[in-house]
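The block underneath contains the structure these notes are about, expressed in structure tokens.
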Amino acid sequence: MVKKVDVKEIIDSLGMSYKIWGKLDKRVLAPSPINEGREDSLSFCSKEGDEAIEMIRASKSGVIICSDEIELSEQDYQDHTLIQVNNPRLAFIRILEKFFATTPEYGIHPTAVIDPKARVGNNVFIGPHSYIGECEIGEDTIIYGNVHIYSKTKIGKRVILHAGTVIGADGFGFERNETGGLEKFPQIGGVVIEDDVEIGSNVSIDRGTLSNTIIGQGTKIDNLCHISHNVIIGKHCVIIALSMIGGSTKIGNYSHIAPSSALMNKIVIGNNVLVGMGSVVTKNIQDNLVVMGAPAKPVRDNT
Amino acid sequence: MVKKVDVKEIIDSLGMSYKIWGKLDKRVLAPSPINEGREDSLSFCSKEGDEAIEMIRASKSGVIICSDEIELSEQDYQDHTLIQVNNPRLAFIRILEKFFATTPEYGIHPTAVIDPKARVGNNVFIGPHSYIGECEIGEDTIIYGNVHIYSKTKIGKRVILHAGTVIGADGFGFERNETGGLEKFPQIGGVVIEDDVEIGSNVSIDRGTLSNTIIGQGTKIDNLCHISHNVIIGKHCVIIALSMIGGSTKIGNYSHIAPSSALMNKIVIGNNVLVGMGSVVTKNIQDNLVVMGAPAKPVRDNT
Amino acid sequence: MVKKVDVKEIIDSLGMSYKIWGKLDKRVLAPSPINEGREDSLSFCSKEGDEAIEMIRASKSGVIICSDEIELSEQDYQDHTLIQVNNPRLAFIRILEKFFATTPEYGIHPTAVIDPKARVGNNVFIGPHSYIGECEIGEDTIIYGNVHIYSKTKIGKRVILHAGTVIGADGFGFERNETGGLEKFPQIGGVVIEDDVEIGSNVSIDRGTLSNTIIGQGTKIDNLCHISHNVIIGKHCVIIALSMIGGSTKIGNYSHIAPSSALMNKIVIGNNVLVGMGSVVTKNIQDNLVVMGAPAKPVRDNT
């Protein structure tokens with residue numbers, strides 16, 4: 001099971017331009033944090049300048065991917081093979097993805113319950129104790145165990161849903177009647193999760209009231225987030241743990257919601273917005289702003 | 001599966017007084033948001049005055065329920081059949097509930113595990129992969145899948161529990177001993193969920209320490225809320241997503257806790273209180289107050 | 001099933017020094033809150049001074065454990081048997097634990113799915129619909145139902161995991177590439193949960209990126225908390241409901257994180273720190289401080 005990866009294989013898989021220093025005939029067995037490495041480890045350095053030099057010199061990792069802005073001296077690459085690129089973290093990710101990451105083998109666990117009317121694409125994994133209602137699931141999607149997907153959900157390709165997540169439960173809509181009691185607004189919409197979305201564990205995404213709740217292509221949602229009915233999230237957004245997106249709120253593309261934030265219902269968040277940790281957002285936010293606090297206020301441009 | 005509903009059936013099901021304008025011989029096939037409707041759609045308009053007129057004129061929905069305070073002119077009901085009532089949203093809810101909402105068919109899914117000592121009422125639905133301990137469950141209750149109910153829980157009639165919710169796990173009670181270690185306070189109480197309660201997905205409601213945690217009749221709890229041991233919530237309250245109710249705290253009737261709020265343990269929240277989004281409530285709150293902020297302070301009356 | 005416990009058995013099980021007043025030949029059938037007791041109830045009084053005297057006199061509980069600093073008069077122990085100790089709550093906990101608490105019988109529920117490579121210790125309980133990946137689980141551990149444990153998790157002895165909890169899902173790591181898209185940082189580390197940890201329901205603890213996420217011995221985590229990748233929590237800490245611990249953050253020993261708090265990633269929280277409810281912690285916190293607010297600031301010593 002141990003993989004040996006040659007330096008040559010590494011540089012062939014970077015997908016970006018590089019410079020390389022030191023011995024080329026090395027092999028690595030495992031990725032490692034730069035400060036925990038060994039001679040057969042591959043690491044990356046996320047720092048720049050003197051701080052980077054210091055980390056590299058202190059590291060025992062055999063092969064290190066680092067920034068192409070660092071000025072290296074011969075001493076640095078005597079003990080390590082150094083690969084310089086524009087974005088070391090991204091380069092490291094690609095090597096991990098290619099040589100060291102594991103994903104579940106395709107297949108549907110025998111304890112999973114799939115509605116006979118569900119349409120499940122090729123090469124899909126569905127884990128133990130998951131339930132799939134009358135849904136559509138695109139190819140190459142991974143649904144871990146103990147996930148519950150109500151009917152009227154449409155899931156794209158290459159989506160990942162982690163354990164304990166619930167998609168398509170009723171949105172929270174009630175109206176007080178003459179006696180003060182709460183009458184339920186029937187929730188008859190669905191959920192659309194576009195391609196390349198990843199959703200963490202124990203997340204709740206509610207179905208739309210009459211139309212759909214939509215999670216745009218490439219967006220990533222962390223654990224324990226709540227996405228209310230009729231929310232529309234754009235493409236390539238990041239919604240971090242324990243955040244709450246109120247009903248019918250719209251978020252543009254490339255926006256970033258830091259952990260434990262709460263976004264009021266029926267507001268519009270622009271593109272490339274950054275909402276700071278623990279913020280309470282009560283108003284529309286224009287494109288390219290960083291907002292923070294409770295209530296959240298703009299603190300600077302995000303450009 | 002397509003339903004055709006006559007205007008006459010609609011007005012017979014409103015349960016409130018109305019005025020009607022335009023053609024009476026229409027049929028609708030589906031409910032729709034007012035701005036997405038078609039000739040065979042039923043919609044409602046939640047606005048008043050000129051704003052309402054503008055929405056109605058722009059809408060393609062064949063039948064629209066709107067406020068009885070709007071002054072309509074003949075032009076408005078040439079293209080639409082208009083039904084005027086005091087609360088259009090509530091009227092629309094009742095039509096949805098009667099003609100368009102679906103609920104799971106009664107029955108216990110074969111993968112659900114029910115303790116042999118549990119007492120389950122008639123017409124109950126229990127979804128896949130749910131577990132019911134030694135509990136009592138009233139008639140007409142819907143328990144979706146992947147729900148986990150510990151023993152000593154008593155659930156009323158017409159209750160709805162969404163997927164991933166956990167009822168009756170141990171409350172969080174520990175005492176530091178002489179060495180600084182934490183000794184567990186055994187949690188031997190139960191949970192009582194009264195009639196007509198609805199609880200969202202991935203909610204956690206803990207058992208009482210010695211007595212019961214109680215959720216009062218008609219109260220609605222949204223996704224990902226935490227209800228600690230010995231909490232007592234009154235009737236017809238609303239607790240919205242990601243809110244936290246601390247141990248032994250009491251909430252009166254008709255109160256509204258907005259999303260992402262945190263209520264300290266051992267406090268008393270009155271009747272008809274409104275706690276604003278993201279508030280941190282550290283003290284008792286009297287009846288009929290709106291409170292906000294961290295720490296939460298009264299901002300106005302809620303009457 | 002009803003237990004009768006003699007006063008003599010009670011005092012033998014306190015594990016601390018005591019004084020006793022009143023009749024010694026009593027029996028109790030059940031523990032009870034002091035204000036809900038009956039002649040055959042055992043209760044404790046957590047108050048001091050006049051307040052304690054008042055509670056004791058008003059109580060109908062036959063046997064009451066109270067503080068050894070209360071000055072009792074003969075009148076007080078005519079109706080009750082009174083046991084005075086230094087820490088009445090801790091004494092009461094020990095009696096509950098010994099005579100009244102119930103834990104699930106050992107065994108693995110037939111619907112639980114255990115990876116054939118998992119190593120499960122003796123006297124372990126695993127509840128219905130739980131999934132255990134390629135993990136190691138120590139003896140006397142209780143894993144309730146609907147729990148999902150990914151591979152590469154190591155769980156110690158006497159650990160308790162409540163229903164709906166997910167251990168070892170991928171940490172949330174993504175890097176924006178040249179086109180603004182998000183590439184996943186493969187998460188290949190694991191989770192280590194040391195002995196005597198208890199974790200509430202619907203908690204999410206992510207695997208480390210390259211190394212492990214670690215929950216230290218004796219630490220207790222409440223419902224709906226999020227513990228990010230690479231977090232290291234020390235021994236005997238308390239993390240209360242709906243709290244969020246950001247990636248790579250370290251927490252020392254004996255620290256207390258109150259509910260609905262958010263701790264930034266990559267910070268260091270010392271030993272014996274108290275973080276107040278709803279705080280947003282953005283910086284390192286030294287030992288023995290109480291911090292509060294958003295952003296959290298020191299308000300006093302915790303000694």
Legend entry - Interchain contact, A:Ser201 with chain B, by part (heavy-atom threshold 4.5 Å):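 The answer is neither part of A:Ser201.
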
Legend entry - Residue part contacting chain A, namely of B:Asp222, when any heavy atom lies under 4.5 Å: both

Legend entry - chain A contact via B:Glu198 - side chain, backbone, both or neither, heavy atoms under 4.5 Å: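 Interface part for B:Glu198: side chain.
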
Inset, instruction - Give the member of B:Gly145, B:Pro259, B:Ala294 that has the highest number of heavy-atom pairs under 4.5 Å with chain A. - result: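 Ranked by contacts with chain A, first place is B:Gly145.
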
Legend entry - A:Tyr150 side chain to B:Ala163 backbone, donor-acceptor under 3.5 Å: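 Yes; at least one donor-acceptor contact below 3.5 Å.
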
Legend entry - Side-chain donor/acceptor of B:Asn202 to backbone N/O of A:Val203, under 3.5 Å: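 Between the backbone of A:Val203 and the side chain of B:Asn202 there is a qualifying donor-acceptor contact (under 3.5 Å).
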
Just so I understand: if I count every heavy-atom pair under 4.5 Å between each of [options] and chain B, which residue has the most?
| options | result |
| --- | --- |
| A:Gly173, A:Gly164, A:Gly180 | A:Gly180 |
| A:Arg176, A:Gln187, A:Met264 | A:Arg176 |
| A:Asn265, A:Asn177, A:Asp206 | A:Asp206 |

Inset, instruction - Give me the ring orientation class for B:His129 and A:His129: parallel if the planes are under 30° apart, tilted from 30 to 60°, perpendicular past 60°. - result: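 Answer is perpendicular, since the angle exceeds 60°.
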
Inset, instruction - Decide if the gap between the ring center of A:Tyr131 and the ring center of B:Tyr144 is smaller than 6.0 angstrom. - result: no

Inset, instruction - Please name the pair of heavy atoms, one in A:Leu210 and one in B:Pro31, separated by the smallest distance, quoted to 0.1 Å. - result: CD2-CB, 4.0 Å

Inset, instruction - State the CG-CZ distance between B:Asn223 and A:Phe172, to the nearest 0.5 angstrom. - result: 9.0 Å

Legend entry - Contacts with chain A made by residues 36-46 of chain B (heavy-atom distance under 4.5 Å), listed by residue number: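 The list, in residue order, reads B:Glu36, B:Phe44.
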
Legend entry - Residues of residues 231-258 of chain A contacting chain B, heavy-atom criterion under 4.5 Å, by residue number: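 A:Leu242, A:Ser243, A:Met244 fall under the 4.5 Å cut-off.
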
